[in-house]
Engineer: 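This is the structure I have questions about; it appears just below.
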Amino acid sequence: MTKYKSDFLNVLETRGFIHQLSDPEGLDRQACDGTISAYIGFDCTAPSLHAGSLLPIMMLYWLQQTGHKPITLMGGGTTKVGDPSGKDETRQLLTAEKINENMDGIKQVFAKFLKFGDGDNDAIMVNNADWLDHLNYIDFLRDYGPHFTINRMMAFDSVKLRLEREQPLTFLEFNYMILQAYDFLELNRRTGCTLQMGGSDQWGNIINGMELGRRVDGAQLYALTSPLLTTSSGAKMGKTAGGAVWLDADMLSPYEYWQYWRDVEDNDVGRFLKLFTTLDMGEIARLEQLEGAEINEAKKVLANEATGLLHGDEAAKQAEETARQTFEQGGAASGLPSVEFDTGELEGGMGLLSALVTAGLFSSNSEARRAVQSGAVKVNDVQIKDFRHQLTDSDMQENAIKLSMGKKKHALLVGKQV
RNA sequence: GGAGGGGUGCCUGAGCGGUUAAAAGGGACGGGCUGUAAACCCGUUGGCUAUGCCUACGUUGGUUCGAAUCCAACUCCCUCCA
């Protein structure tokens, strides 16, 4: 099938995870001969990871499934510096407290995909602040500075891009690649890790670490990157109307997460099934054959599988059921995002606009009013175009009012006696 | 330290005394078509107790009947020189 002998590279290859690989034969042999440890670094710039990080997480998942050891590296130290790759502007510096806070949130997610522990191929988590925070400047410069030339550093895309666009690149950021390179070396020393994976934008950084390891310790290290993931229409993964597609259930409900996968473009379905589900390739091939309206079945499978991996099968089923009731029957499913309100407000009529804002469908009355006027709003599935409309007791159905914005966004106002 | 350029709405970016809630594009959202796609077409895109009011063009003052537009100070950023 593929040119690889090892399960690990075979799986990654057939599922479309591999973009660049530094030494295919060498790594393949390593993976066949024994257990390899590989790491991926994660930023701590947000309190939760989003769908964009799912790809690297899945790589670690397959790494473990094929018998190897995943290492998740939290960028507690490097986040203090900020990766300039792919950024036009200097990132805002985060405080140490904020970084730690974010790190706590991010940790939760990994446990759902990886098995942590002390076993041979159990995953471990490390924080590069552990070694970066205590570096001695002069010692560090003397030990590792000679292995980097400015000439080469200038040639890196992340640097070149800034210079060409005449955007500032601070010395702080300029150092980022050195620190990341050092991470690789340090991890190799500490845990025997020999492979670093990451998005294609990390290629340069990873190569740096590889070379540093070779020069300093004579270690044979490997680099593997995944393709930069965009949707067929070119948009970045993981962003949606309401913001990022967070992996934390508190920041994005399983139902909304399910909807995200349900709504992917036709052209992405096959690719996403391979990348974000664990279905076997035969099943995926079958789903890929579906065309026209039938492709919706494949999308549901995608949504179920992806949601199941993250939030559990139970949550996935619920989300599917909620979606089925909402879209296919037009009913008010209980699993919709719901907000409690005081039923006393209905006496004498409750303004439609404020109800919509309360339900979280709009952020301001004006925004809600415009939407009502353009016919986007429905109350219990009946379109209302008068923004002065008042909701009353008679709108309550089974102790809730279903409010809709457009075809896809629904919310329930659930009555609460006070 | 010296010289120049610049800070406009979610983003890019026009405007350079009144007709500016601020061109244009992007993005986003809504409607139509569909399959809860894509593409395409149309609309919306500061807030409010709404034929009116308030807030907004880095900050603070000033000139003026009137300022995003002129002046001053401050501040932040960029480029070049030392």
Side-chain angles (χ1 to χ4, degrees), chain A residues 87-93 162-173 230-245 255-273 287-288 290-304 306-307 319-333 335-337 345 348-357 360-378 381 383-390 402-411:
Chain A
K87 311 252 174 349
D88 238 6
E89 287 170 20
T90 306
R91 277 200 209 182
Q92 240 188 337
L93 282 181
R162 286 277 185 94
L163 296 180
E164 273 168 11
R165 296 178 153 225
E166 304 198 333
Q167 295 291 331
L169 176 77
T170 64
F171 184 64
L172 175 73
E173 294 171 285
T230 56
T231 67
S232 293
S233 34
K236 257 193 194 156
M237 273 289 295
K239 298 280 180 192
T240 173
V245 181
Y255 168 71
E256 289 168 288
Y257 188 74
W258 193 92
Q259 280 295 318
Y260 173 74
W261 294 106
R262 173 61 184 82
D263 279 337
V264 302
E265 296 169 27
D266 284 9
N267 294 333
D268 292 327
V269 175
R271 199 155 53 100
F272 286 4
L273 278 168
L287 291 168
E288 275 185 303
L290 299 175
E291 279 183 9
E294 288 187 340
I295 203 166
N296 283 325
E297 287 312 310
K299 289 186 187 180
K300 283 181 200 169
V301 174
L302 173 63
N304 280 336
T307 308
E320 183 184 23
E321 181 56 22
T322 300
R324 199 181 61 77
Q325 284 177 20
T326 308
F327 288 104
E328 293 174 21
Q329 298 178 347
L336 290 173
E345 291 185 51
M350 180 185 188
L352 172 61
L353 298 185
S354 62
L356 289 166
V357 173
L361 291 173
F362 298 96
S363 55
S364 74
N365 284 3
S366 296
E367 196 183 313
R369 177 169 37 75
R370 278 192 295 269
V372 171
Q373 284 171 330
S374 67
V377 168
K378 289 179 183 165
D381 300 307
Q383 186 184 58
I384 306 285
K385 284 189 118 162
D386 174 17
F387 64 86
R388 291 176 212 277
H389 184 81
Q390 299 282 315
K402 181 186 178 192
L403 298 172
S404 312
M405 167 177 74
K407 292 174 192 160
K408 293 184 183 175
K409 286 195 185 157
H410 309 275

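Note that the structure is a prediction, hence the values are computed from the model and not measured. Every chain is numbered from 1 and lettered A, B, ... according to where its sequence line falls, protein lines coming before strand lines.
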Engineer: Atom CG of A/N267 to atom P of B/G35: distance rounded to whole Å?
Structural biologist: 17 Å

Engineer: With C1' as the reference atom in both, quote the distance from B/A67 to B/G15 in angstrom, rounded to an integer.
Structural biologist: 13 Å

Engineer: Give one of base, sugar-phosphate or nothing for A/Q259, where a contact means two heavy atoms less than 4.0 Å apart.
Structural biologist: base

Engineer: Please tell me if A/S374 has a side-chain N or O lying less than 4.0 Å from either OP1 or OP2 of B/G43.
Structural biologist: no

Engineer: Tell me whether the count of non-hydrogen atoms from other residues, nucleotides or ligands lying under 6.0 Å of NZ in A/K300 goes above 12.
Structural biologist: yes

Engineer: Need the pair for B/G18. Rule: Watson-Crick or G-U wobble, both distances under 3.5 Å, any strand; none if unpaired.
Structural biologist: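 Across all strands, the one nucleotide that pairs with B/G18 is B/C65.
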
Engineer: Which atom pair, heavy atoms only, marks the closest approach of A/W261 to A/A303?
Structural biologist: CB-CA, 3.6 Å

Engineer: Tell which nucleotide pairs with B/U79, taking only Watson-Crick or G-U wobble pairs whose two distances are both under 3.5 angstrom.
Structural biologist: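 Paired with B/U79, as far as the under-3.5 Å criterion goes, is B/A3.
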
Engineer: Taking B/A72 as the reference, what is the distance to B/G6 when you measure between their P atoms (whole Å, please)?
Structural biologist: 14 Å

Engineer: Checking side chain to side chain donor-acceptor pair (under 3.5 Å) against A/S404, which of A/H410, A/Q383, A/K378 comes through?
Structural biologist: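 For A/S404, the side chain to side chain donor-acceptor pair (under 3.5 Å) check succeeds only for A/H410.
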
Engineer: Using side-chain heavy atoms (C-beta onward) and a distance below 4.5 Å, is A/Q325 in contact with A/L336?
Structural biologist: no

Engineer: Find the distance A/L353:CG to B/G47:C1' and express it as a whole number of Å.
Structural biologist: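 So the two atoms are 13 Å apart, to the nearest Å.
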
Engineer: Roughly how many Å apart are B/G7 and B/U69, using the P atom of each and rounding to a whole number?
Structural biologist: 11 Å

Engineer: Expressed as a whole number of Å, how far does the P atom of B/G62 sit from that of B/C78?
Structural biologist: 32 Å

Engineer: If we call it a pair only when both distances are under 3.5 Å in a Watson-Crick or G-U wobble match, what pairs with B/G43?
Structural biologist: B/C29

Engineer: So does A/K409 reach the base of B/U36 with its side chain, donor to acceptor, closer than 3.5 Å?
Structural biologist: no

Engineer: In the structure shown, which nucleotide is the Watson-Crick or G-U wobble counterpart of B/C57, with both distances under 3.5 Å?
Structural biologist: none

Engineer: Could you tell me how far apart A/K385 (NZ) and B/G30 (P) are, to the nearest whole angstrom?
Structural biologist: 16 Å

Engineer: Rounded to whole Å, please give me the gap between CG in A/L287 and P in B/G35.
Structural biologist: 20 Å

Engineer: Between A/K408 and B/A37, is there a side-chain N or O to OP1/OP2 distance below 4.0 Å?
Structural biologist: yes

Engineer: When the C1' atoms of B/A22 and B/G5 are considered, how many whole Å apart are they?
Structural biologist: 24 Å

Engineer: In whole angstroms, how far is the P atom of B/U34 from the CD atom of A/E294?
Structural biologist: 19 Å

Engineer: Looking at the side chain of A/A293, which of B/G30, B/G35, B/A37 is the nearest nucleotide?
Structural biologist: B/G35

Engineer: Check every atom of B/G31, B/G35, B/G47 against the side chain of A/S364 and return the nucleotide holding the closest atom.
Structural biologist: B/G47

Engineer: Quickly work out the A/R388 CZ to B/U51 C1' distance and round it to whole Å.
Structural biologist: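 My rounded result for the distance is 11 Å.
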
Engineer: When only distance counts, do a donor and an acceptor, one from the side chain of A/N365 and one from the base of B/G47, lie under 3.5 Å apart?
Structural biologist: no

Engineer: In whole Å, what is the span from the CG atom of A/L356 to the C1' atom of B/G30?
Structural biologist: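 Taking atom C1' of B/G30 as the reference, CG of A/L356 is at 13 Å.
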
Engineer: Measure the distance from CZ on A/R262 to C1' on B/U34 and round it to the nearest whole Å.
Structural biologist: 12 Å

Engineer: Across all strands shown, which nucleotide pairs with B/C48 by Watson-Crick or G-U wobble geometry, both distances under 3.5 Å?
Structural biologist: B/G52

Engineer: Starting from the 5' end of RNA chain B, give me the residue, A/S366 or A/W258, whose nearest nucleotide shows up first.
Structural biologist: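 The answer here is A/W258.
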
Engineer: Name the closest nucleotide to the A/D266 side chain, picking from B/G35, B/U36, B/A38.
Structural biologist: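 Within the option list, the nearest is B/G35.
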
Engineer: Less than 4.0 angstrom between a side-chain N/O of A/R370 and OP1 or OP2 of B/G47, yes or no?
Structural biologist: yes

Engineer: Determine the Euclidean distance between corresponding C1' atoms of B/G9 and B/A56; express it in Å to zero decimal places.
Structural biologist: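 Roughly 8 Å separates the two C1' atoms.
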
Engineer: Is the shortest side-chain N to carboxylate O distance from A/D263 to A/K299 below 4.0 Å?
Structural biologist: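 A salt bridge is absent here (no side-chain N lies under 4.0 Å from a carboxylate O).
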
Engineer: Across the strands shown, which category fits A/V264 at heavy-atom distances under 4.0 angstrom: base, sugar-phosphate, nothing?
Structural biologist: sugar-phosphate

Engineer: Does B/G32 have OP1 or OP2 sitting under 4.0 Å from an N or O in the side chain of A/K407?
Structural biologist: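 Yes, A/K407 has a side-chain N/O under 4.0 Å of OP1/OP2 on B/G32.
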
Engineer: Search all heavy atoms of A/N304 against all heavy atoms of A/W258 and return the closest pair with its distance.
Structural biologist: OD1-NE1, 2.8 Å

Engineer: Just compare B/C48, B/G35, B/U36 and give me whichever is closest to any side-chain atom of A/K299.
Structural biologist: B/G35

Engineer: Please report the distance separating the P of B/G17 from the corresponding atom of B/U12, rounded so that it comes out in whole Å.
Structural biologist: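 It comes out at 25 Å once rounded to the nearest Å.
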
Engineer: Nearest heavy atom decides the nucleotide; on that basis, is A/E291 or A/S363 closer to the 5' end of RNA chain B?
Structural biologist: A/E291

Engineer: Sticking with atom C1', work out how far B/G18 lies from B/A28, rounded to a whole angstrom.
Structural biologist: 33 Å

Engineer: Does any part of the side chain of A/L287, heavy atoms only, come nearer than 4.5 Å to the side chain of A/E297, both counted from C-beta?
Structural biologist: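 Answer no - side chains too far apart.
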
Engineer: Is there side-chain contact between A/V264 and A/V269, with at least one heavy-atom pair below 4.5 Å?
Structural biologist: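 Yes. Closest side-chain heavy atoms under 4.5 Å.
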
